[in-house]
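Okay, so here's the structure we're looking at.
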Amino acid sequence: MPEGPEIRRAADSLEAAIKGKTLTDVWFAFPHLQIFAPMLTGECVERIETRGKALLTHFSSGMTMYSHNQLYGVWRVVDAGEVTETNRVLRVRLEAKDKAILLYSASDIEILTADELAVHPFLQRAGPDVLDMSLTVAQVKSRLLSPRFCRRQFAGLLLDQAFLAGLGNYLRVEILWHAALAPEHKAIDLNEAQLDRLAQALLDIPRLSYQTRGRVDENHHHGALFRFKVFHRAGEACERCGTVIEKTTLSSRPFYGCPGCQK
């Protein structure tokens, strides 16, 4: 499943295609959404917000489309009027004069008023978005030490969207390696230096992934480039201590870590 950085990059491409443009055609596959098509035609997409792995498409009328890709949903940008060849099932089409954005295969889609958005169950449960640039290390540290989260093992906590929205398995693996922590640890057992290092990594790793993943840095020695340190690297040497990276399963997901320096 795509994690927060991939969802945010998808939202960026959708915004680049359609933000601020008048919608000339709106289409929904699900009958309960079809009543909204004529209401949204002629409106503009003002912005596309991410809340973890959910997308919020905000229209100029004040309505918002909530969508969650789950395992199979995917967005595409095409030219207006273009018919795409795919085995996927189209769920949503938002078209402007020159471009259209298409949502395939997703089933979790709703059109909400501002009041409905404020009490949406998923959004109510979700924690702060890890890519919200106003979120600070101090706030993350406070969240780690809160009674709700401080006694939970990191193996499960870092997959819980109620803790920080947008984290997922590869981020869990990389964050714990960068913080030099084992997945069995709990925040209540850490010293100040460990807490500070983890809180910093919880912001730095997702943000670096968002900014750079998928791009080749020809001068990588001059600047940061996101690349996996342990994820999918079982059997290779840890670049920090040289111990062989191991693969296990934690919280029903594959986990990669270094038994030498993640103690």
Once the angle between the rings of Phe231 and Phe228 is folded into 0 to 90°, is it parallel (under 30°), tilted (30 to 60°) or perpendicular (over 60°)?
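If you compare the ring of Phe231 with that of Phe228, the planes turn out perpendicular.
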To the nearest 0.5 Å, what is the distance between [atom1] ([X]) and [atom2] ([Y])?
X      : Y      : atom1 : atom2 : answer
Gln200 : Arg197 : CD    : CZ    : 11.5 Å
Lys186 : Leu157 : NZ    : CG    : 11.5 Å
Gln262 : Glu246 : CD    : CD    : 10.5 Å

Non-hydrogen atoms of [X] and [Y] that approach each other most closely:
X      : Y      : answer
Gly127 : Ala165 : O-CB, 3.5 Å
Ala11  : Thr50  : CB-CG2, 3.8 Å
Ile109 : Ala106 : CD1-O, 3.9 Å
Cys261 : Cys238 : SG-SG, 3.7 Å
Leu135 : Arg207 : O-NH2, 3.1 Å
Glu3   : Leu167 : OE1-C, 4.2 Å

Given [options], the one that forms side chain to side chain contact (heavy atoms under 4.5 Å, CB included) with [X]:
X      : options                      : value
Leu176 : Leu202, Ile205, Leu158       : Leu158
Leu203 : Val130, Thr136, Leu208       : Val130
Leu14  : Leu55, Leu94, Leu102, Leu103 : Leu55

With a 4.0 Å cut-off on N to O distance, would you call Lys141 and Glu192 a salt bridge?
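Looking at Glu192 together with Lys141, the answer is yes, because their closest N to O distance falls below 4.0 Å.
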Determine, for Glu239 against Arg227, whether the closest basic-nitrogen to carboxylate-oxygen distance falls under 4.0 angstrom.
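Salt bridge: yes.
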For the backbone of [Y] and the side chain of [X], can you confirm whether one donor and one acceptor N or O come within less than 3.5 Å of each other?
X      : Y      : result
Arg51  : Asp129 : no
Thr84  : Thr86  : no
Asn169 : Pro254 : yes
Gln161 : Gly52  : no
Glu174 : Tyr170 : no
Glu110 : Ser67  : no
Glu43  : Ser61  : yes

Looking just at side-chain N and O atoms, do Glu95 and Thr24 make a donor-acceptor pair shorter than 3.5 Å?
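Note: Glu95 and Thr24 side chains miss the donor-acceptor criterion.
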Polar side chain donor-acceptor pair, His185 to Gln194, under 3.5 angstrom:
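No, because no side-chain N or O of His185 sits under 3.5 Å from a partner of the opposite role on Gln194.
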Any side-chain hydrogen bond (donor to acceptor under 3.5 Å, both in side chains) involving residues 143-154? Give me the pairs, sequence neighbours left out, ordered by first then second residue.
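Every pair satisfying side-chain hydrogen bond (donor to acceptor under 3.5 Å, both in side chains) with a residue in residues 143-154: Arg152-Asp160.
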Going through the checks in order, is the side-chain contact (heavy atoms from CB on, under 4.5 Å) test met by Phe149 and Leu144?
CA-CA 6 Å; Phe149 300 122; Leu144 281 166; over 6 Å; no
If you group Ile, Leu, Val, Met, Phe, Trp and Tyr by side-chain heavy-atom gaps below 4.5 Å, do Leu56 and Tyr210 land in one group?
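As far as the 4.5 Å side-chain criterion goes, Tyr210 and Leu56 are not connected within one cluster.
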Is it the case that atom NZ in Lys21 sees more than 12 heavy atoms from other parts of the structure closer than 6.0 Å?
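Result for NZ/Lys21: enclosed.
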What do the steps show when you test Ile245 against Trp177 for side-chain contact (heavy atoms from CB on, under 4.5 Å), and what is the final call?
CA-CA 10 Å; Ile245 295 165; Trp177 183 86; 5.9 Å; no
side-chain contact (heavy atoms from CB on, under 4.5 Å) between Met63 and Leu112, intermediate numbers included
CA-CA 6 Å; Met63 303 289 283; Leu112 305 169; over 6 Å; no
Any ring-ring contact (aromatic ring centres under 6.0 Å, His included) involving residues 232-252? Give me the pairs, sequence neighbours left out, ordered by first then second residue.
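Applying ring-ring contact (aromatic ring centres under 6.0 Å, His included) to every pair that reaches into residues 232-252, excluding sequence neighbours, yields His232-Tyr256.
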Under the side-chain contact (heavy atoms from CB on, under 4.5 Å) criterion, do Tyr104 and Val89 qualify, and how do the steps go?
CA-CA 5 Å; Tyr104 290 97; Val89 179; 5.9 Å; no
